[in-house]
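Here, residue 1 is the first one in the sequence, and each next residue gets the next number.
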Amino acid sequence: QVQLVESGGGLVQAGDSLRLSCAASGRTFNWYAMGWFRQAPGKEREFVASISWDGSNTVYADSGEGRFTISRDHAKDTMYLQMNSLKPEDTAVYYCAAHTTTNSGFAPSTRAAYNTWGQGTQVTVSS
């Protein structure tokens with residue numbers, strides 16, 4: 001089982017950038033796709049972006065397309081979410097998640113596909 005810890009959240013102004021990190025530990029030699037989700041107060045947890053084990057496939061929700069970039073560094077067992085041109089509607093708790101897979105190019109976008117979650121990091125964007 002892999003453990004995940006997010007960091008990098010904070011309070012920023014609209015138009016600013018943030019880079020979230022998700023550090024993995026434990027059984028990191030297994031193949032696993034990774035994703036970012038977010039949950040705003042009173043709303044369902046929603047998909048933001050995902051990346052396959054080999055990095056060849058990335059998927060983005062429409063809300064982040066063109067503004068967010070997901071990446072991963074296997075040497076550091078860390079995944080990143082670079083968020084640019086942030087908007088107040090991006091305010092949420094951001095969670096990283098891992099999906100154990102035998103397909104190195106698979107990057108799921110559904111919440112149910114992920115079996116390991118981090119504790120979340122708060123992102124607040126003021127107008």
Side-chain angles (χ1 to χ4, degrees):
Q1 185 82 0
V2 64
Q3 291 82 45
L4 305 173
V5 178
E6 302 96 334
S7 62
L11 171 63
V12 297
Q13 293 186 332
D16 286 351
S17 298
L18 271 179
R19 189 178 79 158
L20 305 183
S21 300
C22 174
S25 61
R27 297 176 65 87
T28 58
F29 51 84
N30 289 335
W31 284 8
Y32 53 96
M34 297 190 74
W36 287 100
F37 290 75
R38 67 186 184 185
Q39 188 167 16
K43 295 187 176 181
E44 295 287 321
R45 191 171 298 187
E46 65 177 8
F47 171 74
V48 176
S50 62
I51 186 167
S52 60
W53 166 252
D54 61 10
S56 66
N57 187 20
T58 56
V59 181
Y60 294 93
D62 289 344
S63 58
E65 188 73 55
R67 299 188 299 126
F68 295 175
T69 303
I70 190 171
S71 61
R72 66 191 301 171
D73 183 343
H74 282 291
K76 298 181 179 180
D77 286 326
T78 301
M79 174 181 65
Y80 304 97
L81 183 68
Q82 177 67 43
M83 303 187 294
N84 299 328
S85 303
L86 283 162
K87 305 175 182 179
E89 50 263 44
D90 294 319
T91 295
V93 177
Y94 283 71
Y95 298 90
C96 68
H99 164 83
T100 306
T101 180
T102 57
N103 182 343
S104 64
F106 181 49
S109 59
T110 58
R111 179 179 175 181
Y114 290 86
N115 49 20
T116 302
W117 294 83
Q119 83 289 349
T121 185
Q122 177 71 46
V123 172
T124 304
V125 184
S126 63
S127 58

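Placement of V2 and V5 in two distinct hydrophobic clusters is found when ILVMFWY residues are connected by side-chain heavy-atom separations under 4.5 Å, directly or transitively. V125 and V93 fall into different hydrophobic clusters, where Ile, Leu, Val, Met, Phe, Trp and Tyr residues are linked whenever their side-chain heavy atoms come under 4.5 Å apart, directly or through other members. A single hydrophobic cluster is not seen to contain both W117 and W31; linkage of ILVMFWY side chains at heavy-atom distances under 4.5 Å, directly or through other members, places them apart. Residues F68 and Y80 fall into different hydrophobic clusters, defined by Ile, Leu, Val, Met, Phe, Trp and Tyr side chains chained together at heavy-atom separations under 4.5 Å.
Residue pairs that meet the ring pair (Phe, Tyr, Trp, His ring centres under 6.0 Å) test with at least one member in residues 4-24, sequence neighbours left out, do not exist here.
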For residues 104-116, please give each side-chain donor-acceptor pair under 3.5 Å, one per line with the distance, not counting sequence neighbours.
{"unit_1": "S104", "atom_1": "OG", "unit_2": "D54", "atom_2": "OD2", "d": "3.3"}
{"unit_1": "Y114", "atom_1": "OH", "unit_2": "P108", "atom_2": "O", "d": "2.6"}
{"unit_1": "T116", "atom_1": "OG1", "unit_2": "Q1", "atom_2": "NE2", "d": "3.0"}

Would you list the atom pairs, donor with acceptor, under 3.5 Å between side chains in residues 9-25 and any protein atom, with sequence neighbours excluded?
{"unit_1": "D16", "atom_1": "OD2", "unit_2": "Q13", "atom_2": "N", "d": "3.1"}
{"unit_1": "S17", "atom_1": "OG", "unit_2": "N84", "atom_2": "OD1", "d": "2.9"}

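E46 meets the side-chain contact (heavy atoms from CB on, under 4.5 Å) test with R38; sequence neighbours excluded. T124 is linked by a side-chain hydrogen bond (donor to acceptor under 3.5 Å, both in side chains) to Q122, counting only residues two or more places apart in sequence or in another chain. Here F47 pairs with F37 under the ring pair (Phe, Tyr, Trp, His ring centres under 6.0 Å) rule; sequence neighbours left out.
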Going through the distances and angles, do I70 and M79 end up as a side-chain contact (heavy atoms from CB on, under 4.5 Å)? CA-CA 7 Å; I70 190 171; M79 174 181 65; 3.8 Å; yes
side-chain contact (heavy atoms from CB on, under 4.5 Å) evaluation trace for W53 with T102: CA-CA 9 Å; W53 166 252; T102 57; over 6 Å; no
May I have the step-by-step check of side-chain contact (heavy atoms from CB on, under 4.5 Å) for V48 and M83, ending in yes or no? CA-CA 11 Å; V48 176; M83 303 187 294; over 6 Å; no
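Aromatic pair Y95/W36: centroids not less than 6.0 angstrom apart.
Side-chain atoms of E6 come within 3.5 Å of backbone N or O of C96 as a donor-acceptor pair. In this structure, Q39 contributes its side chain and A92 its backbone to no donor-acceptor pair below 3.5 Å. Within the 3.5 Å criterion, the main-chain N or O of S52 finds a donor-acceptor partner in the side chain of R72.
One finds the CG atom of L81 at 11.0 Å from the OG1 atom of T121 (value rounded to the nearest 0.5 Å). Rounding to the nearest 0.5 Å gives a distance of 11.0 Å between OG1 of T78 and NE2 of H74.
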